[in-house]
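The next block holds one structure in the form of structure tokens; read it before the comments.
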Amino acid sequence: MRDLNDCAQNDEAVGLSDQILTWYDVNARPLPWRVSPAERAGGVAPDPYRIWLSEVMLQQTTVAAVKDYFHRFTARWPTVQDLAAAEDGAVMGEWAGLGYYARARNLLKCARVIANEQAGVFPTTYDGLLKLPGIGPYTAAAISSIAYDLPETVLDGNVERVMARLYNIDAPLPGSKPQLKTLAAALTPDRRPGDYAQAVMDLGATICSPKSPACGICPWRAPCLARSAGTAQALPRKTPKKPKPTRRGFVYLARAANGDWLLERRPDKGLLGGMLGWPGSEWCETAAPEPPFASDWQSLGAEVRHSFTHFHLILQVMVTDLPRQHSPAAGQLRVSVDDFRPSDLPTVMRKAFDLWQGQ
DNA sequence: GAGCCGTGGAT
DNA sequence: TATCCAAGGCT
């Protein structure tokens with residue numbers, strides 16, 4: 001929440017926010033969840049449900065990747081009550097492929113809190129939003145400003161980059177985050193804060209890009225200190241990351257004569273939590289085979305290669321026939337051909353299926 | 001605070 | 001091929 005003792009924008013800040021709002025009025029990208037500046041001026045208010053859903057999907061995820069998921073979710077669950085009433089597996093399946101699956105679990109938790117305890121109405125304050133599962137400082141500020149036009153300050157990767165360049169901040173992230181937040185807060189206007197928030201993020205996504213910023217057409221080219229210093233491309237600095245180790249493992253695809261597959265619902269916590277997957281071994285430096293039942297397992301020729309956030313994975317794909325009488329162990333389930341949709345699988349598991357299908 | 005948590009596109 | 005990185009949150 002904006003501190004009570006925050007001063008109002010000074011004159012220079014008013015000039016800067018006006019410049020970028022003018023740019024946004026002309027250059028705002030049409031997005032499925034966006035109310036354009038013209039629509040907003042005409043009295044159209046954003047739907048908090050759609051803003052919330054889009055913001056959760058956009059966490060660490062590109063606009064291009066989100067669009068189709070957003071359309072499918074809103075078509076299938078048009079309101080927060082509809083989503084709250086959905087089955088867990090349906091939501092996890094619809095999220096499959098988008099990544100960071102804790103978001104989907106928290107999305108459902110949040111929807112149920114709002115539907116069951118708040119009459120389907122989203123909180124209208126930053127502090128109220130912040131209490132909800134899956135809503136952190138960024139998302140609470142984004143919903144507050146975009147949906148309710150409250151002067152909260154969004155600080156995402158775009159805003160961090162734009163502020164680091166505008167003020168030529170040399171200190172590396174993430175340590176410099178508080179300073180960047182202060183700078184961003186001083187620019188946040190009381191007039192049209194929702195459009196302003198989207199304007200700065202659009203600027204970061206299109207013009208003030210990480211690799212080669214298009215400073216020549218930037219609405220802030222004149223005041224930008226990094227541009228005059230020639231440091232824009234190098235900012236923001238970041239503390240170096242650790243290299244990713246490689247892990248190996250086995251997955252087991254068992255298919256019955258009638259087309260049934262043996263799958264498992266992964267536990268709610270941890271990697272791919274709550275998602276469907278193939279039974280498999282531990283994933284570690286040197287994995288040992290751990291078949292789900294004794295059989296004549298055959299190895300597929302090729303391996304699945306996949307990279308997660310913090311390690312690379314090489315999977316050996318093993319296949320066999322699923323006996324008619326085989327009953328699934330705890331956590332496992334037998335899925336009929338009619339119920340099995342590869343699109344319900346997280347990407348790494350779908351890759352294993354694709355490999356089986358391709359040979 | 002630092003590690004964990006996906007995926008795909010750009011370079 | 002390898003790295004970066006994207007409208008971050010949770011523990």
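Lettering follows sequence order; numbering is per chain, from 1.
Counting non-hydrogen atoms under 4.0 angstrom, A/Arg29 reaches a base of the nucleic acid. A/Leu31 comes within contact range of at least one nucleobase, with a heavy-atom separation under 4.0 Å. No contact: A/Val56 has no heavy atom under 4.0 Å from any strand. Nucleic acid contact for A/Pro137: sugar-phosphate only, since backbone atoms but no base atoms lie under 4.0 Å from a heavy atom of the residue. Residue-level contact check: A/Leu98 touches the bases, meaning some heavy atom is under 4.0 Å from a base atom. Residue contacts for A/Arg161: at a heavy-atom cut-off of 4.0 Å it reaches the sugar-phosphate backbone alone, with no base atom in range.
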(message) A/Glu285 vs A/Arg247, test: salt bridge (Lys or Arg N to Asp or Glu O under 4.0 Å). Steps then yes/no.
(response) CA-CA 5 Å; A/Glu285 287 73 11; A/Arg247 299 182 189 172; 5.5 Å; no
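A residue-by-residue look at A/Gly204 and A/Leu130 shows that A/Gly204 has its nearest nucleotide of DNA chain C further toward the 5' end. Ranked by how close their nearest DNA chain B nucleotide is to the 5' end, A/Pro346 and A/Lys242 are led by A/Lys242.
Between A/Ser212 and B/dT11 there is no side-chain N or O to OP1 or OP2 distance below 4.0 Å. OP1 or OP2 of B/dG6 has not a single side-chain nitrogen or oxygen of A/Thr347 nearer than 4.0 Å. Taking 4.0 angstrom as the limit, A/Lys211 places none of its side-chain polar atoms (N or O) nearer than this to OP1 or OP2 of B/dA10.
Taking CH2 of A/Trp77 as the reference point, atom OH of A/Tyr49 lies at 8.0 Å (rounded to 0.5 Å).
B/dG3 and C/dC4: their P atoms are spaced 16 Å apart (whole Å). Comparing the same atom, P, in B/dA2 and in C/dA7 gives a spacing of 23 Å after rounding to whole Å. Spacing between C/dT11 and B/dG6 at atom P, rounded to whole Å, works out to 14 Å.
For DNA chain C, no neighbouring residue in residues 303-315 of chain A is found when judged by any heavy atom under 4.0 Å.
Interface limits on DNA chain C: the 5'-most and 3'-most nucleotides within less than 4.0 Å of chain A heavy atoms are C/dC4 to C/dC10.
To the nearest angstrom, C1' of B/dT7 lies 15 Å from CE of A/Met349. For the pair A/Trp283 CH2 and B/dC5 C1', the computed distance is 12 Å after rounding to whole Å. Rounded to whole angstrom, the span from the NZ atom of A/Lys244 across to the P atom of B/dT7 amounts to 11 Å. Distance CE (A/Met57) to P (B/dG6): 16 Å, rounded to an integer number of Å. Atom CG in A/Asn106 sits about 12 Å away from atom C1' in B/dC5, given to the nearest Å. As rounded to whole Å, 15 Å separates atom C1' of B/dC4 from atom CD of A/Gln59. Between the OH atom of A/Tyr100 and the C1' atom of B/dG8 there is a distance of 12 Å, given to the nearest Å. Protein atom CH2 of A/Trp95 is 12 Å distant from nucleotide atom P of B/dG6, rounded to whole Å.
Between A/Asp88 and the choices A/Lys109, A/Arg105, A/Arg265, A/Arg112, the salt bridge (Lys or Arg N to Asp or Glu O under 4.0 Å) rule is met once, by A/Arg112.
A donor-acceptor contact closer than 3.5 angstrom links the side chains of A/Gln298 and A/Asp296. Side-chain N/O atoms of A/Thr22 and A/Gln19 include no donor and acceptor closer than 3.5 Å. Remark: the A/Lys351 side chain and the A/His306 side chain contain an N/O donor-acceptor pair separated by less than 3.5 Å. With 3.5 Å as the limit, one finds a donor-acceptor pair spanning the side chains of A/Gln316 and A/Ser299.
Taking the six-membered ring where tryptophan is involved, the planes of A/Phe293 and A/His326 are tilted, since the angle between them lies from 30° to 60°.
Less than 6.0 angstrom separates the ring centroid of A/Trp261 from the ring centroid of A/Phe340. Residues A/Phe122 and A/Trp52 place their aromatic rings such that the two centres sit under 6.0 Å apart.
Salt-bridge check for A/Asp18 with A/Arg192: failed, with every basic side-chain N at 4.0 Å or more from each acidic carboxylate O.
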